[in-house]
There are 2 protein chains.
Amino acid sequence: MRDTGNFRALCHRHRLAATHQRQVIYETVLSLPGHPNPEEIYGQVRQRIPSISLATVYKNIRTFLASGLLREVSLHHGSLRLENDQRPHHHLVCVSCRAITDLQEDGVEPVRLRQRLPRGFRVKRIAVDILGICAACSSKGARAKRV
Amino acid sequence: MRDTGNFRALCHRHRLAATHQRQVIYETVLSLPGHPNPEEIYGQVRQRIPSISLATVYKNIRTFLASGLLREVSLHHGSLRLENDQRPHHHLVCVSCRAITDLQEDGVEPVRLRQRLPRGFRVKRIAVDILGICAACSSKGARAKRV
DNA sequence: CTAGATGCAAACAGTTTGCGTCACT
DNA sequence: AGTGACGCAAACTGTTTGCATCTAG
């Protein structure tokens, strides 16, 4: 067994049972390049725990997200949603209830890049998401761990 | 029949047949508050065209997105994807192939708000998506209409 | 010892597709 | 008149759930 220490401590801090499955899933997410999805994680984890089930992978990803051990790329990954305001604008997003509110484009200073982008990338638009807790969720006691 | 003119011209410009279904779907998206999903649009459209099928709504939403008549809230609405880099960072997103590349947080000047946010909204983090066409798609001739 | 985690299978939600018919251009 | 849009049903993908069994604390 490897340096299980870190992960066990991490779980303990978040009041999660430190199971072997969890450790492997967690390590796998950190080790995979890019932005892996559950299926990819499952495929990779299965090389170390062939008997693991996809449901366990899903359940633990949810657990990790809920306790802030992992983060997802976007809070909007559910069903397709359309803009009804066709003018460019930004979004205010509640990380608890995921409500999306529009924020007119000039409510945010134009975003400035400090860094060269990868060669050949042609910028079309810059979208800003302001993530936080909305008033309604705030009063219900919602707290964001890490978003 | 109402001022069909605008919509017919719009369709003509985009080389789309101007059907009654399309017009009602389009008008419905613009008229619904917030960020409607296909199911909500379907429910609303059915009040004007009871015989319409959900498949038609989906097909036409896709058509509108492809020709830039409508825009979606987020390009990341597919399956759940996890961050493997746990440090805060931004994203470079190709609007054609939807590839996501990380951009370290200090590659972007800190975002500054010019406007008061809704009362009680507590900001946790600001996420920036730089939308554009990546080099690979660019060389394949991909063009973004409106993103 | 017990609450909670796992694995399996079945259920579900959202979306897409194939195909025969119908309508816009 | 012909290409493409519509409507229906069936297929598919990604995800969740119920339940019996097992395991970490």
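In the text below, chain A, chain B and the rest are named by the order of the sequence lines, each starting its count at 1. The model shown is predicted, which means the values in this text are computed figures rather than measured ones.
The minimum heavy-atom distance between A:E83 and B:V73, with the atom names listed, is OE2-CA, 3.6 Å.
A rotation axis mapping the C1' atoms of four pairs onto the next four is fitted at both ends of the helix from C:dC1-D:dG25 to C:dT25-D:dA1 over five pairs, and the angle between these axes is 50° to 10 degrees.
For residues 66-76 of chain B, the set of pairs meeting the salt bridge (Lys or Arg N to Asp or Glu O under 4.0 Å) definition, not counting sequence neighbours, comprises B:E72-B:R98. Legend: salt bridge (Lys or Arg N to Asp or Glu O under 4.0 Å) pairs involving residues 115-141 of chain B, not counting sequence neighbours: none detected. The ring pair (Phe, Tyr, Trp, His ring centres under 6.0 Å) pairs that include a residue from residues 66-93 of chain B are A:H35-B:H91, B:H89-B:H91, where partners are two or more places apart or lie in different chains. Judged as a ring pair (Phe, Tyr, Trp, His ring centres under 6.0 Å), not a single pair has a partner in residues 122-147 of chain A (not counting sequence neighbours).
Counting 5' to 3', DNA chain D first comes under 4.0 angstrom of a heavy atom of chain B and last does so at the ends given by D:dA5 to D:dT15.
Applying the side-chain hydrogen bond (donor to acceptor under 3.5 Å, both in side chains) test to B:N37 and every residue at least two apart in sequence or in another chain returns nothing. Under the side-chain contact (heavy atoms from CB on, under 4.5 Å) criterion, B:C137 pairs with B:C94, B:S96, B:C97, B:I133, B:C134, B:A142, sequence neighbours left out.
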Per-nucleotide protein contact string for nucleotides 4-11 of chain C (B base, S sugar-phosphate only, - none; heavy atom under 4.0 Å): -SSBBB--
Derivation of the side-chain contact (heavy atoms from CB on, under 4.5 Å) call for A:V147 and A:L75: CA-CA 9 Å; A:V147 286; A:L75 297 176; 5.7 Å; no
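B:E27 places none of its side-chain heavy atoms less than 4.5 Å from the side chain of B:L30.
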Distance-only donor-acceptor hits, side chain of residues 51-64 of chain A, under 3.5 Å, sequence neighbours excluded:
| residue | atom | partner | partner atom | Å |
| --- | --- | --- | --- | --- |
| A:S53 | OG | A:A55 | N | 3.4 |
| A:S53 | OG | A:T56 | N | 3.2 |
| A:S53 | OG | A:T56 | OG1 | 3.1 |
| A:N60 | OD1 | A:R22 | NE | 2.7 |
| A:N60 | OD1 | A:R22 | NH2 | 3.4 |
| A:N60 | ND2 | A:T56 | O | 3.1 |
| A:T63 | OG1 | A:K59 | O | 2.8 |

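Atom CD in B:E39 sits roughly 10 Å away from atom P in C:dA13 (whole-Å rounding).
Within residues 73-83 of chain B, the residues having any heavy atom closer than 4.0 Å to DNA chain D are, in order of number, B:S79, B:L80.
Membership of the apolar cluster around B:L92 extends to A:L92, A:L103, A:V108, A:V111, A:L113, A:L117, A:F121, A:V123, A:I126, A:V128, A:I130, B:L103, B:V108, B:V111, B:L113, B:L117, B:F121, B:V123, B:I126, B:V128, B:I130, as traced through chained side-chain contacts below 4.5 Å between ILVMFWY residues.
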